[in-house]
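Inspection log for the structure reproduced underneath, given as structure tokens.
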Number of protein chains: 2
Amino acid sequence: MSMMGQSISIGELARRADCKPETVRYYERIGLLRDATRTGGGQRRYGDDAVRRLTFIRHARDFGFSVESVRELLAMSDQPDMPCQEVDAIATHHLKKVESRLQRLSILREELQRMVTQCAGGKVESCRIIEVISDHQLCITEKSHGGAHDLG
Amino acid sequence: MSMMGQSISIGELARRADCKPETVRYYERIGLLRDATRTGGGQRRYGDDAVRRLTFIRHARDFGFSVESVRELLAMSDQPDMPCQEVDAIATHHLKKVESRLQRLSILREELQRMVTQCAGGKVESCRIIEVISDHQLCITEKSHGGAHDLG
DNA sequence: GTAAACCTTGTAGCAACTATAGCTTCAAGC
DNA sequence: GCTTGAAGCTATAGTTGCTACAAGGTTTAC
């Protein structure tokens, strides 16, 4: 137990875990963080345990674990005596996803590289990029590229 | 001009471009596809041009181009006489994004591999996976892993 | 005592669809 | 011509993981 008890404001907590107050409130709302104790005026105050917990969450998210996976990981880390098979299962599953995404992305890179390299810089009419997008036949791979999401 | 004119239903169109009717209606709503002609009863009917356009859209999306990029690519492919610099710029920009995502994902893979390999399969208390998530110091890389999104 | 900095809730927005509900229309068989 | 079942219609809400308001209330430092 720290001497200070619950003395950290939401802004300070967010700063320590490198996120924003809105995110902290969001995690509370969806039940990743417990309801904070409040001041007389209704503001949230946290202790060091909350800093650790939020740091764990942010780091797991940073690893790409979904919020639901983080929820499970948290539940398990709260049960230190349990065997860690499930933890391992979640991490392994996640690793597989990362690996398959990597594979599809590297196919995509090749395809895009080819497109860009072959574009002679003339008119749209004869643009290789437009051609390849128009005609799947021109792709190296038969299959789809996996719809590489959220790359802007 | 085809003999058939506008005779393809939304379901058939979706099938030909490998997507769902909902997606077609969505593309119409956001202006990627022009408003379809309608039967007396109000159902959409399409011609071969719509098949080509939708196929282009789906393929571009499959390449990971954002809807906004697709919109620009479509506008350009509608102007065959223009120089294709902008097309090239969009594709090159996208390629860069793919490359940087690839880099971050492969760092992530290493990190996850290390975690999973070092997990001895004992109790949660001493689980390497939980430890690494708890303590960023244990990571190979100083920086964040880039918050690998949407991997499930 | 007051002003700046911080906090509160609730709601809406982002991307790119996907799904649902409750209804209407179409095409084919009889 | 009639029935039936698949497919279509609109409108709206849900998905994921936050982020960004608006319109106020609280704390803290001077």
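This one's a predicted model, so the numbers in the text were calculated from it and none came from an experiment. Residue numbers start from 1 in every chain, and the chains themselves are labelled A, B, ... in the order their sequence lines are given, proteins ahead of strands.
- Taking atom CG on L13(A) and atom P on dC6(C), their separation rounds to 15 Å, with Å as the unit.
- By the 4.5 Å heavy-atom criterion applied to side chains, F65(B) and L112(A) are counted as neighbours.
- Under the 3.5 Å distance criterion, with hydrogens and angles disregarded, no donor-acceptor pair is assigned to the side chains of R53(B) and Y46(B).
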For this session: Check step by step if salt bridge (charged side-chain N to carboxylate O under 4.0 Å, His left out) holds for R114(A) and E110(A).
Result: CA-CA 6 Å; R114(A) 244 168 41 106; E110(A) 269 188 68; over 6 Å; no
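- Distance Y26(A) OH to dA12(C) C1': 15 Å, rounded to the nearest Å.
- A close approach under 4.0 Å does occur between a side-chain nitrogen or oxygen of Y27(A) and OP1 or OP2 of dC18(D).
- The side chain of R61(B) contributes an N or O atom lying less than 4.0 Å from OP1 or OP2 of dC17(C).
- Among the nucleotides dT19(D), dA19(C), dC18(D), the one closest to any side-chain atom of K20(A) is dT19(D).
- The CD1-C1' distance, from I8(A) to dT28(D), rounds to 18 Å in whole Å.
- Under 3.5 Å, the side chains of Q43(B) and S9(B) contain no donor-acceptor pair of N or O atoms.
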Check nucleotides 6-9 of chain D against the protein and report each pair of N or O atoms closer than 3.5 Å, with its distance, or say if there are none.
{"residue": "dG8(D)", "atom": "OP1", "partner": "S9(B)", "partner atom": "OG", "Å": "3.2"}
{"residue": "dG8(D)", "atom": "OP1", "partner": "G11(B)", "partner atom": "N", "Å": "2.6"}
{"residue": "dC9(D)", "atom": "OP1", "partner": "R44(B)", "partner atom": "N", "Å": "2.8"}
{"residue": "dC9(D)", "atom": "OP1", "partner": "R44(B)", "partner atom": "NH1", "Å": "2.8"}
{"residue": "dC9(D)", "atom": "OP2", "partner": "R25(B)", "partner atom": "NH1", "Å": "2.2"}
{"residue": "dC9(D)", "atom": "OP2", "partner": "R44(B)", "partner atom": "NH1", "Å": "3.3"}
{"residue": "dC9(D)", "atom": "O5'", "partner": "R44(B)", "partner atom": "NH1", "Å": "3.4"}
{"residue": "dC9(D)", "atom": "O3'", "partner": "R38(B)", "partner atom": "NH1", "Å": "3.4"}

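- With contacts defined as side-chain heavy-atom distances shorter than 4.5 Å, the pair T23(B)/R58(B) qualifies.
- Counting heavy atoms from C-beta outward, C119(A) and C84(B) have side chains that approach closer than 4.5 Å.
- The interatomic distance linking F65(B) (CZ) with dA15(C) (C1') rounds to 17 Å, in whole Å.
- A residue-by-residue look at G40(B) and R58(B) shows that R58(B) has its nearest nucleotide of DNA chain C further toward the 5' end.
- Rounded to an integer number of Å, the gap from CG of D62(A) to P of dC18(D) is 10 Å.
- Rounded to whole Å, the distance from CD on E22(A) to P on dG13(C) is 17 Å.
- Neither OP1 nor OP2 of dA15(C) sits under 4.0 Å from any side-chain N or O of S66(B).
- Side-chain nitrogen and oxygen atoms of T23(A) include at least one within less than 4.0 Å of the OP1 or OP2 phosphate oxygen of dT19(D).
- Between dC26(C) and T39(B), a contact under 4.0 Å exists linking OP1 or OP2 to a side-chain N or O.
- Using a 4.0 Å heavy-atom distance criterion, R71(B) is classed as making no nucleic acid contact.
- We find that CD of E28(B) is positioned 15 Å from P of dC17(C), with the value rounded to whole Å.
- For the pair K96(B) and E99(B), the salt-bridge criterion is not met [side-chain N within less than 4.0 Å of a carboxylate O].
- Regarding F63(A), its CZ atom lies at a distance of 17 Å from the P atom of dG17(D), rounded to whole Å.
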